[in-house]
Enquirer: 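There's a structure below that I have some questions on.
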Amino acid sequence: MRESLRFLLGDRLVEIDRCDPTLTVLDWLRLDQRMTGTKEGCAEGDCGACTVVVGRLDRGRLRYEAINACIRFLPTLDGCQILTVEHLKGADGSLHPVQQAMVECHGSQCGFCTPGFVMSLFALRLNEATPDTGRIEDALAGNLCRCTGYEPIIAAGRRMDEIAPREADRFLGEREAVAVRLAELNDPETLVLRGEAGSFYAPATIEALADLVSAHPQATLVAGATDVGLWVTKAMKRLDPVIYLGRIGALRTISDEGDHLRFGAMASHIDVRTALAALSPQLDELMRRFGGEQVRNAGTIGGNIANGSPIGDLPPALIALDATLVLARRSEAGIERRSIPLESFFIEYRKQDRHPGEFVEAVLVPKLSDGVLFHASKVSKRFDEDISAVCGAFRLTLGSDGRIHEARLAYGGMAGIPKRAAAAEAALIGRPWDDAAVAAAVAALPQDFTPLDDMRASAQYRLKIAGNLLRRFLIETTQAETQTRVAGLLAEAAHG
């Protein structure tokens, strides 16, 4: 075991022997390092004022990601590089092209959120050449501007490569050298850190993870911390011990297994989106609205499932696709695994079918075959970066006679767990896929769900929307000329 946290802050090596398990990157930067360019706005990963860029090794190559420093625990960045707005200026004090573009396009406005916008654009510049306006807007969706003046900021995103060519950016020139330094920091040892508030463990192998979960059954398992971080910053919970899964490369893999895709539990939403988009453009649209880019960089498919939230966006889609969950734990014979249908993992609110010592290892997602119709919809108060009021995902198999042979209708936000609408499914079987079939299914939905009234939606609204999403499914699969979406990738494709 290694008892020292190691990472690069810019080009400076930092080694820390004692650290609280839930010390946030934001607090460490501002309070310990006095690097106050990174701001605290919401402390829950919504506003993006705290955005920093993290460089991490991905199959030997350096990968840059914008993340929310306010909910990311510092020990999770072992073996990574942290870049803040302070690192962007040149040796002579000159502004980086992203900063210069913000100046020239008058994008700073009051200035409070500006460092976060700069770092989001900086990450975009490092990762992509000549992004179009739509891509710039997508990269900035996780940053909120209180001055409500997004146009100058978007203009700065278009302007940055005109000020200086991307290929001449010094950070890209240093990429290989940084990757070599990070490779030296990444080792197969389990990281163990202790602080006044508790202990932090970060194994590098599945075997070591299984041992730790067995030895510490009360531990909080952390993936991207996009929700767990709020337990600390908002609920003020003390988490001890913490076991972090992010150093296990085997859990980040995504593979094509022929008739299905296999996702390691630590596959990020960014990578999951790319893989799922190959199955259906509906999944691409759903994942594009999954938080902001900072959340998609940090959040994981396994974390989204294991969290057990009834309003998580992925579980309804995966349940509709008939996904399988692979759970693992330590046994006397070695690593013991069991596979269960994803829908059976969710028992009741915040209660899942996970045995003592078990953790989510992988998710198996079947591919869509010929004769199958699939649809996913999300309804939220805000189009970008918002949690669903209702999320619906549907899969129908039609026979050669045009009648429905199989129906899987899954919803989030309608119950204490993501759940299938069994009565509505039964109402569809044997019918042609038409208005009468949808009307029968909609009439059966009150048998399946008794939704709650809360801040996101009333029970009446949720039932109404659940039915309307089925109607949208019918229209989009039978009346291609009818427009059903006012924004998003599918709307752009329809109008294009």
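In this chain, residues are counted from 1 in sequence order.
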Enquirer: How about K234: does its NZ atom have over 12 heavy atoms from other parts shown lying under 6.0 Å from it?
Expert: yes
Enquirer: Residues two or more places apart in sequence or in another chain: which of them pass salt bridge (Lys or Arg N to Asp or Glu O under 4.0 Å) with R354?
Expert: none
Enquirer: If I take atom CG from residue L428 and atom CG from residue L470, how far apart are they, to the nearest 0.5 angstrom?
Expert: 7.0 Å
Enquirer: Salt bridge or not between K419 and E343? Use side-chain N to carboxylate O under 4.0 Å.
Expert: no
Enquirer: Any side-chain heavy atom of M414 within less than 4.5 Å of one from L445?
Expert: no
Enquirer: Looking at every non-hydrogen atom in both residues, tell me the closest pair between A139 and S120 and how far apart they are.
Expert: O-CB, 4.0 Å
Enquirer: Between E492 and L489, is there a donor-acceptor pair closer than 3.5 Å when you use the side chain of the first and the backbone of the second?
Expert: no
Enquirer: Let me confirm one number: the CG-CD1 distance from L209 to I248, rounded to the nearest 0.5 Å.
Expert: 4.5 Å
Enquirer: Do S268 and R252 pair up side chain to side chain, a donor and an acceptor below 3.5 Å, judged on atom types alone?
Expert: no
Enquirer: Salt bridge check, E336 against R329: does any charged N sit closer than 4.0 Å to a carboxylate O?
Expert: yes
Enquirer: Could you name each residue pair satisfying ring-ring contact (aromatic ring centres under 6.0 Å, His included) that touches residues 54-80, not counting sequence neighbours?
Expert: none
Enquirer: Listed by chain and number, what are the salt bridge (Lys or Arg N to Asp or Glu O under 4.0 Å) partners of R296, not counting sequence neighbours?
Expert: D138, E293
Enquirer: Taking the side chain as everything from C-beta on, heavy atoms only, tell me whether Y150 gets closer than 4.5 Å to L140.
Expert: no
Enquirer: Report yes if the side chains of I243 and V222 come closer than 4.5 Å at any heavy-atom pair, otherwise no.
Expert: no
Enquirer: I need the T300 OG1 to I305 CD1 distance, nearest 0.5 Å.
Expert: 8.5 Å
Enquirer: If I take atom CD1 from residue I387 and atom OG from residue S380, how far apart are they, to the nearest 0.5 angstrom?
Expert: 9.5 Å
Enquirer: C70 and C50: which non-hydrogen atoms are nearest, and at how many Å?
Expert: N-SG, 3.3 Å
Enquirer: So, the side chain of N297 versus the backbone of E65: is there a donor-acceptor pair under 3.5 Å, distance only?
Expert: no
Enquirer: May I ask you to test the L29-L26 pair for a side-chain heavy-atom distance under 4.5 Å?
Expert: no
Enquirer: S108 side chain to G111 main-chain N or O, any donor-acceptor pair under 3.5 Å?
Expert: no
Enquirer: Using salt bridge (Lys or Arg N to Asp or Glu O under 4.0 Å) as the criterion, list what pairs up with D227, not counting sequence neighbours.
Expert: none
Enquirer: Residues two or more places apart in sequence or in another chain: which of them pass side-chain hydrogen bond (donor to acceptor under 3.5 Å, both in side chains) with R431?
Expert: none
Enquirer: Could you tell me which residues satisfy side-chain hydrogen bond (donor to acceptor under 3.5 Å, both in side chains) with D353, sequence neighbours excluded, listed by chain and number?
Expert: R338
Enquirer: Determine whether a donor-acceptor pair (N or O, by modelled atom type, separation under 3.5 Å) exists between the side chain of D448 and the backbone of A424.
Expert: yes
Enquirer: Could you check if a side-chain atom of L221 sits within less than 4.5 angstrom of a side-chain atom of Y244, using non-hydrogen atoms only?
Expert: no
Enquirer: Considering only NZ, NE, NH1 and NH2 on the basic side and carboxylate oxygens on the acidic side, decide whether E128 and R166 come within less than 4.0 Å.
Expert: no
Enquirer: Which pair of non-hydrogen atoms, one from I136 and one from G157, has the smallest distance, and what is that distance?
Expert: CD1-C, 3.5 Å
Enquirer: Any pair with a residue in residues 433-442 that passes salt bridge (charged side-chain N to carboxylate O under 4.0 Å, His left out), sequence neighbours left out, goes on the list, sorted by first then second residue, please.
Expert: none
Enquirer: Do V363 and L318 have side chains that get closer than 4.5 Å, going by heavy atoms?
Expert: yes
Enquirer: For S280, what residues pass the side chain to side chain contact (heavy atoms under 4.5 Å, CB included) criterion, not counting sequence neighbours?
Expert: Q282, L283, L368, F374
Enquirer: Nearest heavy-atom pair of H405 and I429: which atoms, and what distance?
Expert: O-CD1, 3.8 Å
Enquirer: Looking only at the side chains, is there a donor atom on one of N127 and R63 sitting less than 3.5 Å from an acceptor on the other?
Expert: no
Enquirer: Mark yes when over 12 heavy atoms from residues, nucleotides or ligands other than R61 sit less than 6.0 Å from its CZ; otherwise mark no.
Expert: no
Enquirer: Closer than 3.5 angstrom, by distance alone: can the side chain of Q81 be matched with the main-chain N or O of V54 as a donor-acceptor pair?
Expert: no
Enquirer: With a 4.5 Å heavy-atom cut-off, do I254 and R262 have their side chains touching?
Expert: no
Enquirer: Only pairs at least two apart or in different chains count here, so list each salt bridge (charged side-chain N to carboxylate O under 4.0 Å, His left out) that has a residue in residues 300-328.
Expert: D313-K378, D322-R408
Enquirer: Please say whether more than 12 non-hydrogen atoms of neighbouring residues, nucleotides or ligands are located less than 6.0 Å from CD in Q479.
Expert: yes
Enquirer: Mind checking salt bridge (Lys or Arg N to Asp or Glu O under 4.0 Å) for D454 and listing every partner two or more places apart, or none if nothing turns up?
Expert: R462
Enquirer: Can you confirm whether V360 sits close enough to L327 that some side-chain heavy atom of one is under 4.5 Å from a side-chain heavy atom of the other?
Expert: yes
Enquirer: Rounded to the nearest 0.5 Å, what separates atom CZ in R125 from atom CG in L172?
Expert: 7.5 Å
Enquirer: Do other residues, nucleotides or ligands put more than 12 heavy atoms under 6.0 Å from K464 NZ?
Expert: no
Enquirer: Can you pull the ring-ring contact (aromatic ring centres under 6.0 Å, His included) pairs that have at least one residue in residues 443-494, sequence neighbours excluded?
Expert: H375-F473, F394-F473, Y411-F449, W433-F473
Enquirer: Is there a side-chain hydrogen bond (donor to acceptor under 3.5 Å, both in side chains) between N68 and E44? Walk through the geometry before answering.
Expert: CA-CA 8 Å; N68 293 306; E44 57 186 42; over 6 Å; no
Enquirer: Quick test of your reading: applying salt bridge (charged side-chain N to carboxylate O under 4.0 Å, His left out), list the pairs with at least one residue in residues 106-124, sequence neighbours left out, ordered by first then second residue.
Expert: none
Enquirer: Would you call E137 and R135 a salt bridge, using N to O less than 4.0 angstrom?
Expert: no
Enquirer: For A43, does its backbone N or O pair with a side-chain atom of T233 as donor and acceptor, under 3.5 Å?
Expert: yes
Enquirer: Kindly give the heavy-atom pair with the smallest separation between C42 and C47, and that separation in Å.
Expert: SG-N, 3.4 Å
Enquirer: Do NZ/NE/NH1/NH2 and the carboxylate oxygens of R288 and D384 come within less than 4.0 Å?
Expert: yes
Enquirer: Looking at every non-hydrogen atom in both residues, tell me the closest pair between A323 and P366 and how far apart they are.
Expert: CA-CD, 3.9 Å
Enquirer: Hey, mind stepping through R485 and E476 against salt bridge (charged side-chain N to carboxylate O under 4.0 Å, His left out) and telling me if it holds?
Expert: CA-CA 10 Å; R485 305 186 187 228; E476 291 188 352; 2.8 Å; yes
